[in-house]
Amino acid sequence: MKKIFIFLLFIFNFTFSQIYKFDFGSRESPLEYGFVKITKDTKYDEKIGYGWKGNVNSEVVRDDYLNPFYYKAEEKDSFYNLYCDGIVPINNIPFLFKVIPGRYKITIIIGDLSPGESRFGFNIFVNEKEIIKNESTEGGTLKIYTFSIDSEDKIEIKLKSENQLPYISGIICEKTDKDIPIQIKVIPEKVTEDDYRKNWERFEKNFISDWQIAKEELKKEGVDFEYWDKKFEKIKKKYRNYREYFPSGGLGRIDRLIEKAKNINTEKIVNCFKEMGVDGFVGGSDIYSVSINEIRKHRLKYAISGHAENIRLNEKVTLNLIRKKNGEFFTIKNVWSNCCPEAIRILNDEWKEIYKETGKNAEFFMIDEPRGCWYSGGIGDYSETAKREFINYLKEIGKNDIAEKVKENGIPEPSYSWNFYYFYIFRLNTVPLLVKKAIKDTPLEKIPVMPGNGDIGPETMNHSCYFPVYIAKNNFISASWSYNSPSSSKATAEIIKIAEEYNGKSYIWPPIYLGPPEKDLTTTISAISALNDKVCPWSFYKLMISKDRINWMKMVYYSSRLTHATTILKHVPPVYIWLPTSIVFNDLVNYDNEESGRWKEIYEYLFKINIDYGITNNFKNVEKDIPVLYAPKRPVLNCEEFENLKNFVNKGGKIFYTFDEIPIYPDGEKIKEWENLPKENLIKIKLNKIKENLKFLNLQLDNEKIKTYIYKDENGEIYHLLNNTDYQNDIEIILNIEGIDFFTDKIYKKGDKLKILKGNYILLKET
C-alpha cells in the first residue's frame, strides 16, 4: 500500500517534484521501487507532464541468465529491476518531462546487458544541446552518464545515431546547486565466470520450481500424467514416425552462457522440456553447436534454421522491378529479385560457412522467407534477370515459341493470355529455384530442406510467390507460420497439407510468443487440427524470460500432447475446398485482391459456422463421398485442372460451386465442356447454404465459441477434437454424443456436462 501511495503522490505532484525517476521497459518487465514505468506506449501528455514525443515501438527485456546481475535480482538495493529492461528510441524520438526552473543533476543509464549487443557511435542531446558525443557501449554492460544542466521548464533527452541506437534503462533527475562535470561509469566493471554460474543456478532453480507448480496446476485441471505417458509410449512403439513437436528459438542464449561459464549441466532443464513433450529443438548455425551437443547428449533431436530475407547485401544486387497498373516500373531499396544471382551467391557463401558442422546431421533446415524480400511478388518481377530465368523456364517446359517472344518483346503485360499465365506459374517456381541454387554444394543439400513463409495461401501467392504444390514438386518440405487468428491458422495449416498430394511433407509453425498463453494455445490447436507432419512452435524464448512462464509451460504441454495424440488419427472432414493453382490468376491480371479476399471470406465463414474442412489441389486425397466446394469470384482453370475436375465428377465425386458464369481458361476462352458435366455431381449452391447440403457434419454443439474437428483411427473409430476458442473464459457444454476422453479414459454419456478450459481442448473418442 505504501508503494502505491508514493507512486500516486509522484504522479499528482509531478511538475512540483524535486526528483524525477523513470524506469524504461515493457508492461510485463519489473519496475524499480520509487520509479515511474515508461513503456513504448507512454506518449507525451501535458497533463501528466512526461512521455515520448513520437512513436516508439521497440522494447527490450533482459531478465534472464545472460544478464550479469541476474543472480542478484532478489537482493534489495541491487537496482536489478532498473537495469534489466529498456526502450530503444528508434527514429531519434525524444523523451520529455516537465520540471520547475532550476539546475538539475541528470543520470542516464544506457546500454544492453545481453552479450553481443554492442552499440557504437551514438550521441546524447539534452534540450537540443549535445552533451555526449560518439559514445559506445559493449554488450553485457551499461553506462551511467551523470552531468548537470539548467532548465526553465522541461528536460528533453534525445539519442541520435547513424547506426543502431542503444536502449535507455533509466533516467534520474534531481535538483542540485552544483555544476557537475560529465561523469561516465561502466557497470558491471567486471563479470566473472562465477557470476554466470550463479546466474544459471538461479535460473535452473526457478525454472524447475515453475515446472513443478505447472504440473500441479495441470493435475488440478484434469491431466493424468501417468496414464498419458503410458499411452504415448505405446504410440511411439507402434508409430516410429509419430507426429513430433519441435519448438524453435532460445538455444543461442544457452550457447552464449556456456561460452561464459564452462561445463554447465543442462540435463535438469532438458528433462523438464521432455516432460513438457518436446521432441527436439530448432536452432541456428554453427554458433549453436554447444547447445546442440547438449540436446543430443540428453536424447532430444535438433534441426537448424536460417533466413533468406534480411541478408547482408554486400554488393550490387538485382532489384525486383515492380510494374504499376499504368505500366510504369519502380524498385524499392534492398528489395531484391527472387532470381537475383548476387543474393543467391551471398546465401550460398554464408550457408557453406555457418552450417558446415550443424548442417551435417540435422533433422531438417528451415529457411525463413526465402522469396527475395518484401514485395518480391507484388506485380513483378520484370527485371532483366527475371526475364532471363523466365525464358529458361519456358524452354524447360517445351514452350520455345513463347520463349522467343519473351526474348524479343520482354515479359508480357498482365492479360488473360497463355503467355502471361506461364509468367504467373513461373513466379511460383522462383522460390524453389532460389532455394535449389542457394543450397547447392553446401551441407544443407544432404538434409531435408523446408522453405517457409507466413500466411501461405491465396492471400500471399501473388506477393510471396510461395505455393506448396511447387515446393513439394521440387522435393522440399512445405511450411507456414500461423500466428494470426484461429480461423487463419486452420486455413494455413490445411493449405500446406496439399503438399501430400504431391508426395511432399508439411510442417506448421504456430506461436509461443504473442500471448497470452491461452490465446496462443487456441491458435495452435487450430493449426494442429490439420494434422501436418510436424508442429514447430515459435518461439521458445517465452519459457526463458516470461513472468507468466508457468502458463506458457502449461500451454506447451497441452499443445505437444495433442500433437502426439493425433498421430493415430486421419482427418475426415465433411467438405473439402478446391484450391487450384490458378486460384488468384485474376488478381494478378486485374491488379486487385478480389480472389484472395474471397478466399479469406470462405475460410472465415466455415470457421464461424463450425464446418470442419480440408483443402485439395488435385483431388488426390479427397475421401470417398466427401464433396468439394469451389467458390472463387471468377473461375479460371488451366487444362490440367479442368481435366482433374472432370475426372472427379465423372467418377461420382460431387462439386458444390457458387458462381454464375462458366469457368474460363487463362486466355479468357470459356470452358464449353463445363456444361456437359453431369449435373447431379455439379451442384450450384449459395455459400450460406453449405451446411444443409452436407451429408454429415463435424460435431455441432450449442456454443459458437466451441469449434470441432472430426477424425477416424485405423479401425474406423470416430474422434472429435473440441476447442474452446474463448481464451478468457472456461465454457461448459452439454454433450449430444457418448464418448471417452482420450487422455484419461473418463466416460461421458449423452447429456453430460463437460467443461472445456479457456483456450483449451478435449479429444473424445465417440462410443
Side-chain angles (χ1 to χ4, degrees), residues 315-345 371-373 375-438 440 461-467 469-470 473-474 580-592 595 634 636-642 664-671:
E315 56 184 289
K316 183 178 173 66
V317 297
T318 302
L319 298 181
N320 181 17
L321 190 61
I322 303 170
R323 188 184 191 279
K324 294 182 180 179
K325 191 170 185 176
N326 64 7
E328 295 178 3
F329 295 94
F330 68 100
T331 60
I332 301 174
K333 184 180 179 182
N334 291 335
V335 177
W336 45 279
S337 163
N338 278 8
C339 306
C340 171
E342 301 90 355
I344 289 169
R345 187 165 63 250
R371 37 89 174 124
C373 197
Y375 306 107
S376 62
I379 311 297
D381 166 19
Y382 283 78
S383 67
E384 283 300 313
T385 299
K387 174 183 171 182
R388 185 169 60 250
E389 291 294 342
F390 182 37
I391 291 169
N392 291 338
Y393 168 77
L394 290 168
K395 289 179 178 178
E396 286 175 8
I397 63 173
K399 301 295 179 181
N400 293 312
D401 55 335
I402 302 177
E404 286 303 314
K405 289 181 181 178
V406 172
K407 189 175 181 180
E408 182 178 343
N409 302 318
I411 293 171
E413 294 185 2
S415 64
Y416 287 104
S417 67
W418 282 107
N419 291 5
F420 187 66
Y421 183 77
Y422 286 123
F423 180 58
Y424 169 76
I425 296 298
F426 159 71
R427 291 167 66 256
L428 298 180
N429 277 277
T430 57
V431 171
L433 179 67
L434 182 154
V435 173
K436 274 187 176 180
K437 291 181 177 180
K440 187 173 175 56
M461 278 174 69
N462 286 331
H463 162 65
S464 69
C465 305
Y466 189 114
F467 198 52
V469 170
Y470 296 102
K473 282 184 175 182
N474 284 276
T581 306
S582 307
I583 191 71
V584 286
F585 179 60
N586 283 326
D587 289 358
L588 197 66
V589 172
N590 299 317
Y591 283 82
D592 60 32
E595 292 297 351
R634 185 186 187 195
V636 178
L637 299 171
N638 65 30
C639 300
E640 181 183 359
E641 288 164 346
F642 180 70
I664 60 172
Y665 289 117
D667 63 355
E669 180 187 348
K670 288 184 178 180
I671 304 177

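No experiment lies behind these values; they were computed from the predicted model shown.
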Seminar exercise, completed: Hits for ring pair (Phe, Tyr, Trp, His ring centres under 6.0 Å) against Phe426, two or more places apart or cross-chain, chain-then-number order -> Phe390, Tyr393
Exercise. What residues, two or more places apart in sequence or in another chain, satisfy side-chain hydrogen bond (donor to acceptor under 3.5 Å, both in side chains) together with Arg634?
Worked result: Tyr416, Glu661
For this session: Output the distance between atom CZ (Phe423) and atom CD1 (Ile411), rounded to the nearest 0.5 Å.
Result: 4.0 Å
For this session: Please name all residues satisfying side-chain hydrogen bond (donor to acceptor under 3.5 Å, both in side chains) with Tyr421, sequence neighbours left out, ordered by chain then number.
Result: Ser582, Asn638
Problem set entry | Considering all heavy atoms, the nearest Glu389-Leu433 contact | OE1-CD2, 3.8 Å
Problem set entry | Contacts of type side-chain hydrogen bond (donor to acceptor under 3.5 Å, both in side chains), residue Asp592, not counting sequence neighbours | none
Exercise. In chain order, what residues pass the ring pair (Phe, Tyr, Trp, His ring centres under 6.0 Å) check against Phe329, with sequence neighbours excluded?
Worked result: Tyr382
Problem set entry | Euclidean distance, Phe585 CZ relative to Asn590 CG, rounded to 0.5 Å | 9.0 Å
Exercise. Going through the checks in order, is the side-chain contact (heavy atoms from CB on, under 4.5 Å) test met by Tyr422 and Ile397?
Worked result: CA-CA 10 Å; Tyr422 286 123; Ile397 63 173; 4.1 Å; yes
For this session: Measure from the side-chain N and O atoms of Asn462 to the backbone N and O of Val584, and report whether any donor-acceptor pair falls under 3.5 Å.
Result: yes
Exercise. How are the rings of Trp418 and Tyr665 set to each other: parallel, tilted or perpendicular (split at 30° and 60°)?
Worked result: tilted
For this session: Could you point out which residue of Asp381, Asn320, Thr318, Thr430 forms a side-chain hydrogen bond (donor to acceptor under 3.5 Å, both in side chains) with Ser337?
Result: Asp381
Exercise. At their closest point, which heavy atom of Tyr466 faces which heavy atom of Met461, and how far apart are they?
Worked result: O-CG, 4.0 Å
Exercise. Does the side-chain contact (heavy atoms from CB on, under 4.5 Å) test come out yes or no for Phe420 and Leu588, once each step is laid out?
Worked result: CA-CA 10 Å; Phe420 187 66; Leu588 197 66; 3.7 Å; yes
For this session: Decide yes or no on side-chain contact (heavy atoms from CB on, under 4.5 Å) for Leu321 and Thr331, but give the supporting numbers first.
Result: CA-CA 5 Å; Leu321 190 61; Thr331 60; 3.9 Å; yes
Exercise. Does Glu595 offer a backbone N or O that forms a donor-acceptor pair with the side chain of Asp587 under 3.5 Å?
Worked result: yes
Exercise. With no hydrogens and no angle check, is any side-chain donor or acceptor of Glu413 less than 3.5 Å from a backbone partner on Gly327?
Worked result: no
Problem set entry | From Phe330 atom CZ to Leu319 atom CG, the distance as rounded to the nearest 0.5 Å | 11.5 Å
For this session: List the steps and the verdict of side-chain contact (heavy atoms from CB on, under 4.5 Å) for Arg371 and Leu434.
Result: CA-CA 8 Å; Arg371 37 89 174 124; Leu434 182 154; over 6 Å; no
Problem set entry | Distance, nearest 0.5 Å, that separates OG1 of Thr581 from CD1 of Ile425 | 6.0 Å
For this session: Of all the heavy-atom pairs spanning Val406 and Pro412, show the shortest one and how long it is.
Result: CG2-CD, 4.3 Å
Seminar exercise, completed: On a heavy-atom basis, the closest approach of Cys340 and Val317 is SG-CB, 3.8 Å
For this session: Considering non-hydrogen atoms only, spot the tightest contact between Lys437 and Ile344 and give its length.
Result: CB-CG2, 3.5 Å
Exercise. Who are the side-chain hydrogen bond (donor to acceptor under 3.5 Å, both in side chains) partners of Asn419, not counting sequence neighbours?
Worked result: none
Seminar exercise, completed: Nearest heavy-atom approach of Lys436 to Asn474 is NZ-OD1, 3.0 Å
Problem set entry | Euclidean distance, Asn429 CG relative to Arg427 CZ, rounded to 0.5 Å | 11.5 Å
For this session: Decide if atom NZ of Lys405 counts as having more than 12 heavy atoms of other residues, nucleotides or ligands within a radius under 6.0 Å.
Result: no
